[in-house]
2 protein chains.
Amino acid sequence: MCEEQDGVNEACSVMEAVNRISGKWTVGILLAATEGPVRFTELERHLKGISRRMLTLTLRNLERDGLLRRTVHPTVPPKVEYEATDMARELHSALAELVGWARRNRANITRSRTGYDDTAGELVRS
Amino acid sequence: MCEEQDGVNEACSVMEAVNRISGKWTVGILLAATEGPVRFTELERHLKGISRRMLTLTLRNLERDGLLRRTVHPTVPPKVEYEATDMARELHSALAELVGWARRNRANITRSRTGYDDTAGELVRS
DNA sequence: CTGGATCCCTTTGGATACTG
DNA sequence: CAGTATCCAAAGGGATCCAG
């Protein structure tokens with residue numbers, strides 16, 4: 001599935017992880033579900049701007065990967081709760097590293113981008 | 001740009017990072033460029049299956065974000081080298097966490113998926 | 001050798017309306 | 001409340017040819 005070469009298999013492992021947490025809403029949902037069980041509409045309000053369809057899809061995929069546990073309470077009206085699994089909680093600590101990096105370098109990246117756009121942009125339209 | 005709510009701004013920082021390293025080839029390129037300067041065709045051979053277009057695009061974006069440094073040697077034939085910046089090297093350490101997580105939980109996720117597909121799959125086609 | 005430009009297909013994601 | 005179904009737009013990504 002993933003050719004084994006020098007550093008590429010390492011990259012492959014990372015990508016497996018990255019692919020799983022990529023997606024516009026995945027991290028937000030994961031973080032919310034780590035603090036405790038959350039309901040569908042709670043998430044819908046929490047993740048402002050998400051559509052029902054994307055919320056459903058993202059939840060399904062997370063459940064499928066074993067990162068979320070879905071509990072249906074057979075009541076009227078129905079009540080469904082989502083909660084992060086242990087595996088997801090471990091991931092959370094790894095995520096913290098990324099948060100740190102993002103925080104530290106947010107400004108650098110922005111500067112780099114503007115610099116790049118200013119420089120290269122002019123060359124193109126020369 | 002990113003509404004500040006409870007845990008969402010935290011998720012936002014993660015997403016900034018995730019968005020930057022997502023993309024099919026980004027991590028592979030980053031890892032290769034972290035070990036030392038690499039040339040265009042080296043990468044093309046290393047990342048088996050990548051198209052020239054995607055290699056170019058990914059390199060451009062990484063350079064734009066300040067994660068890669070692009071050095072042009074004014075020779076004939078032209079020679080261009082890419083190397084990871086300090087910022088990218090810091091990211092590499094954060095990535096290591098993810099690698100660990102991916103390695104530890106790869107099997108779990110696969111199991112979870114097959115289990116999910118077996119269970120839910122039947123319900124759908126009922 | 002190192003790309004740029006173009007075409008085209010696939011995937012992702014959003015809006016909305018409907019249902020148990 | 002918690003979804004499902006459908007339609008549609010935008011982005012991702014591959015193939016190929018062209019150029020400095």
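In what follows, chains are A, B, ... by sequence order, proteins preceding strands, each numbered from 1. The structure presented is a predicted model; accordingly, all values stated were derived computationally and were not measured.
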>> Under the criterion side chain to side chain contact (heavy atoms under 4.5 Å, CB included), I'd like the reasoning laid out for B/Leu55 against B/Ile29: C-alpha separation, chi angles, the key distance, then a yes or no.
In response: CA-CA 9 Å; B/Leu55 181 53; B/Ile29 293 179; 3.7 Å; yes

> Taking all atoms of both residues into account, what is the closest heavy-atom pair of B/Arg45 and B/Lys48, and its distance?
Replying inline: O-CG, 3.2 Å

> Under 4.0 Å between a Lys/Arg side-chain N and an Asp/Glu carboxylate O for A/Glu63 and A/Arg69?
Replying inline: no

> Tell me: CZ of B/Arg53 to P of D/dG13, nearest whole Å?
Replying inline: 9 Å

>> Show, in sequence, the C-alpha distance, side-chain angles and deciding distance for A/Leu62 and A/Thr26, and conclude whether the side chain to side chain contact (heavy atoms under 4.5 Å, CB included) test is met.
In response: CA-CA 8 Å; A/Leu62 288 174; A/Thr26 314; 3.6 Å; yes

> What does B/Arg39 touch in the nucleic acid at a heavy-atom separation under 4.0 angstrom: a base, only the sugar-phosphate, or nothing?
Replying inline: sugar-phosphate

> So does B/Glu90 pair up with A/Arg104, basic N to acidic O under 4.0 Å?
Replying inline: yes

> Stepwise, does the salt bridge (Lys or Arg N to Asp or Glu O under 4.0 Å) test hold for B/Arg89 with B/Glu83?
Replying inline: CA-CA 10 Å; B/Arg89 290 171 199 282; B/Glu83 189 172 16; 3.6 Å; yes

>> Is the phosphate of D/dA15 approached by B/Arg52 (side-chain N or O, under 4.0 Å from OP1 or OP2)?
In response: no

>> Rounded to whole Å, please give me the gap between NZ in A/Lys24 and P in D/dA11.
In response: 11 Å

> Nearest heavy-atom pair of A/His46 and A/Ala32: which atoms, and what distance?
Replying inline: CD2-CB, 4.1 Å

>> Among B/Arg106, B/Arg113, B/Arg111, exactly one meets salt bridge (Lys or Arg N to Asp or Glu O under 4.0 Å) together with A/Asp65. Which residue is that?
In response: B/Arg113

> Can you check the B/Ile50 CD1 to D/dA15 C1' distance for me, whole Å?
Replying inline: 14 Å

> To 10°, what angle do the rotation axes through the five end pairs on each side of the helix from C/dC1-D/dG20 to C/dG20-D/dC1 form?
Replying inline: 40°

> Hey, where on DNA chain C does chain B first and last touch, going 5' to 3'? Cut-off is any atom under 4.0 Å from a heavy atom.
Replying inline: C/dC1 to C/dT6

>> Between B/Val80 and B/Phe40, is there a side-chain heavy-atom distance shorter than 4.5 Å?
In response: no

> Should the heavy atoms of other residues, nucleotides or ligands under 6.0 Å from CG of B/Asn19 be counted, would the total exceed 12?
Replying inline: yes

> Is there a residue in residues 55-72 of chain A whose heavy atoms reach under 4.0 Å of DNA chain C, and which residues are they?
Replying inline: none

> Do A/Leu31 and A/His92 touch side chain to side chain, with heavy atoms closer than 4.5 Å?
Replying inline: yes

